Protein chains: 2
Amino acid sequence: MAKVDTSLVAHLPLFAGFKAEDLEEILREARSARYPKNSAIFEQGADAHAFFLLLHGHVRAAKTTPTGEQIVVRYVAPGETFGIAMAIGLAQYPATATAVDDSVVLIWPTAAWPRLVERFPSLASSTLLTVGSRLQESHTRILEMSTQQVEQRVAHALLRLAKQSGKKLDHGIEIDFPISRQDIAQMTGTTLHTVSRILSGWESQGLVESGRQRIILRDPHKIVILAERNPDSGPA
Amino acid sequence: MAKVDTSLVAHLPLFAGFKAEDLEEILREARSARYPKNSAIFEQGADAHAFFLLLHGHVRAAKTTPTGEQIVVRYVAPGETFGIAMAIGLAQYPATATAVDDSVVLIWPTAAWPRLVERFPSLASSTLLTVGSRLQESHTRILEMSTQQVEQRVAHALLRLAKQSGKKLDHGIEIDFPISRQDIAQMTGTTLHTVSRILSGWESQGLVESGRQRIILRDPHKIVILAERNPDSGPA
DNA sequence: CCCATAGTTTGCGATAGCGCAAAACGGGCC
DNA sequence: GGCCCGTTTTGCGCTATCGCAAACTATGGG
């Protein structure tokens with residue numbers, strides 16, 4: 001059980017207001033682990049034996065239907081928790097988590113949660129805040145899927161990814177982990193073909209520059225406009 | 001400030017494990033109010049000055065886009081909380097709540113929440129459970145919108161409503177509050193026209209019986225089959 | 001009892017986006 | 001340096017579903 005440096009996590013909202021010694025007590029229950037690119041962290045349906053905090057890398061959470069279709073629930077960025085199934089009353093993971101890049105995580109055994117919450121009640125409140133904001137995002141996504149067309153949804157998805165995990169370049173923003181057309185399709189409820197067509201279109205207008213699992217927003221502002229444009233307002 | 005009878009709420013999961021006197025202490029901070037059918041309880045964007053527990057009736061939570069389109073986030077059944085924006089870190093309500101039937105609610109001022117949580121930490125944990133299960137439902141909804149066609153989504157929506165608020169009849173299940181084609185469209189990401197066509201079709205097959213803001217599932221089992229059927233499996 | 005209103009049904013194009021298929025491409029591995 | 005595999009691109013027909021328009025019908029109020 002490796003010692004974890006508190007300085008790595010002290011600034012996270014999850015631990016806001018914790019004293020150094022409390023933090024240490026919490027971290028003592030965790031171990032850290034490294035997951036190489038494309039390795040599975042846990043599988044949908046498996047017993048939720050642990051919950052996680054991402055330190056480095058990027059993790060994709062995806063949900064699969066009985067018939068094998070997938071959607072991407074979200075991408076986890078460093079500093080975020082994931083796999084907190086048990087905190088919300090689930091005995092099994094509702095989704096599959098995969099490292100999309102070499103990643104480092106902290107792992108707490110599920111059994112530690114009730115103990116920690118009892119000792120540090122504010123953990124429950126902060127977790128409530130994070131879960132609440134994920135609920136918000138889900139509602140936004142439902143709203144978009146109900147009212148917008150595919151191009152706008154893709155625009156929104158890319159902007160969110162850029163905000164969450166964008167690397168600022170001299171001219172533009174690059175999404176900082178490998179992501180395929182298929183992934184974007186699964187985030188926006190469409191097919192990889194349609195995503196490919198949309199990106200090709202944008203590329204020819206100089207809005208983006210993209211290739212194999214790689215996307216750079218060259219003109220974020222114009223993409224914002226695209227994302228917000230009312231379908232039947234301006235001409236093509 | 002009317003006295004509220006603890007027996008009305010003691011059995012709710014939210015208050016599981018509370019002693020009678022604790023419960024009384026909590027209820028002392030609440031007042032109750034009655035909202036007539038079709039009246040607004042709070043508006044999207046308004047300051048979240050209170051949170052609510054529905055005692056009788058039914059409440060619709062809906063979200064509106066800047067361009068005026070709406071989706072139904074959920075229907076609230078008796079015993080459920082709603083308007084808990086501030087518990088998840090929001091200063092304004094993210095949706096509009098409307099009583100779809102004459103309704104009675106308990107109302108706590110937002111200011112009471114931090115105090116209550118400090119005094120009764122398990123409130124945060126139970127709220128975490130409810131918010132978590134709503135997150136689950138949202139993900140399910142996103143999955144359905146991404147992978148299923150409209151008819152299946154409508155089937156699922158009606159089955160969920162029937163389970164949550166269905167009144168068992170001699171032969172079938174009636175959804176126990178007024179709900180229009182438009183409402184169902186806004187729950188499933190389609191138009192009232194398409195919903196109407198689908199219900200007409202089902203009606204002629206004897207699966208449902210419906211009219212003005214009224215739906216009875218006459219053959220729930222066949223609807224389950226419809227909901228689960230793989231789009232390109234059986235013949236029409 | 002009749003009218004006004006909100007909800008529902010239905011017809012008829014129009015079309016965004018899917019689904020299939022095939023080709024081009026790019027990277028990494030041996 | 002060449003090959004293999006996963007990813008991306010693109011063409012083309014198809015259809016589920018939308019959007020508009022118009023007729024129809026309960027329901028509650030006066």
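A note on names: the letters A, B, ... follow the listed sequences, proteins ahead of strands, and every chain is numbered from 1. What you see is a predicted model, and the numbers here were worked out from it, not measured in a lab.
- The CD-P distance, from B/Gln213 to C/dT5, rounds to 17 Å in whole Å.
- Atom CG of A/Leu192 is separated from atom C1' of C/dC20 by 12 Å (rounded to the nearest Å).
- Ranked by how close their nearest DNA chain D nucleotide is to the 5' end, B/Glu151 and A/Leu199 are led by A/Leu199.
- Put simply, the side chain of B/Arg197 and the base of D/dG19 share a donor and an acceptor less than 3.5 Å apart.
- What separates CD1 of A/Ile184 from P of D/dT9 is a distance of 10 Å, to the nearest Å.
- Taking atom NZ on B/Lys37 and atom P on D/dG29, their separation rounds to 10 Å, with Å as the unit.
- The nearest whole Å value for the distance from the CD atom in B/Glu69 to the C1' atom in D/dC18 is 13 Å.
- Between the side chains of B/Thr191 and B/Arg181, no donor-acceptor pair is found at a separation under 3.5 Å.
- Every side-chain contact (heavy atoms from CB on, under 4.5 Å) that A/Glu137 has, sequence neighbours left out, goes to A/Ser133.
- Proximity of a side-chain donor or acceptor of B/Ser146 to a complementary backbone N or O of B/Ile142 within less than 3.5 Å is detected.
- Taking the six-membered ring for Trp and thresholds of 30 and 60 degrees, A/Phe177 and A/His58 have ring planes inclined between 30 and 60 degrees apart.
- Contact check, B/Thr191 against D/dC18: a side-chain N or O comes under 4.0 Å of OP1 or OP2.
- In this structure, A/Ile198 atom CD1 and D/dT10 atom C1' are separated by 14 Å, rounded to whole Å.
- Of the N and O atoms on the side chains of A/His156 and A/Gln148, at least one donor lies less than 3.5 Å from an acceptor on the other residue.
- Nearest to the side-chain atoms of A/Gln149 among the listed nucleotides C/dA16, D/dC18, D/dT10 stands C/dA16.
- Listed pair A/Ser196 / D/dT9 meets the phosphate criterion, a side-chain N or O lying under 4.0 Å from OP1 or OP2.
- The aromatic rings of B/Tyr93 and B/His49 sit perpendicular, their planes meeting at an angle over 60°, well past the 30° parallel limit.
- Using a 4.0 Å cut-off between a side-chain N of Lys or Arg and a carboxylate O of Asp or Glu, B/Arg74 and B/Glu80 qualify as a salt bridge.
- Not one side-chain nitrogen or oxygen of A/Ser200 sits closer than 4.0 Å to the OP1 or OP2 atom of D/dT8.
- At whole-Å resolution of the value, CZ in A/Arg181 and C1' in D/dG6 are 13 Å apart.
- With axes fitted over five pairs at each extremity, the angle between the ends of the helix from C/dC1-D/dG30 to C/dC30-D/dG1 is 40° (10° resolution).
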What pairs of nitrogen or oxygen atoms, one from the protein and one from nucleotides 22-27 of chain D, lie under 3.5 Å apart?
none

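- A distance-only check finds no donor-acceptor pair linking the side chain of A/Thr194 to the backbone of A/Thr190 [under 3.5 Å].
- When only modelled atom types and interatomic distance are considered, A/Ser180 and A/Gln182 share no side-chain donor-acceptor pair under 3.5 Å.
- Picking from C/dG17, D/dT17, C/dT8 the nucleotide with the shortest atom distance to the side chain of A/Thr194 gives C/dG17.
- A/Glu209 places its CD atom 13 Å from the P atom of C/dG26, with the value rounded to the nearest Å.
- Salt bridge B/Glu144/B/Arg160: present, at least one basic N to carboxylate O contact under 4.0 Å.
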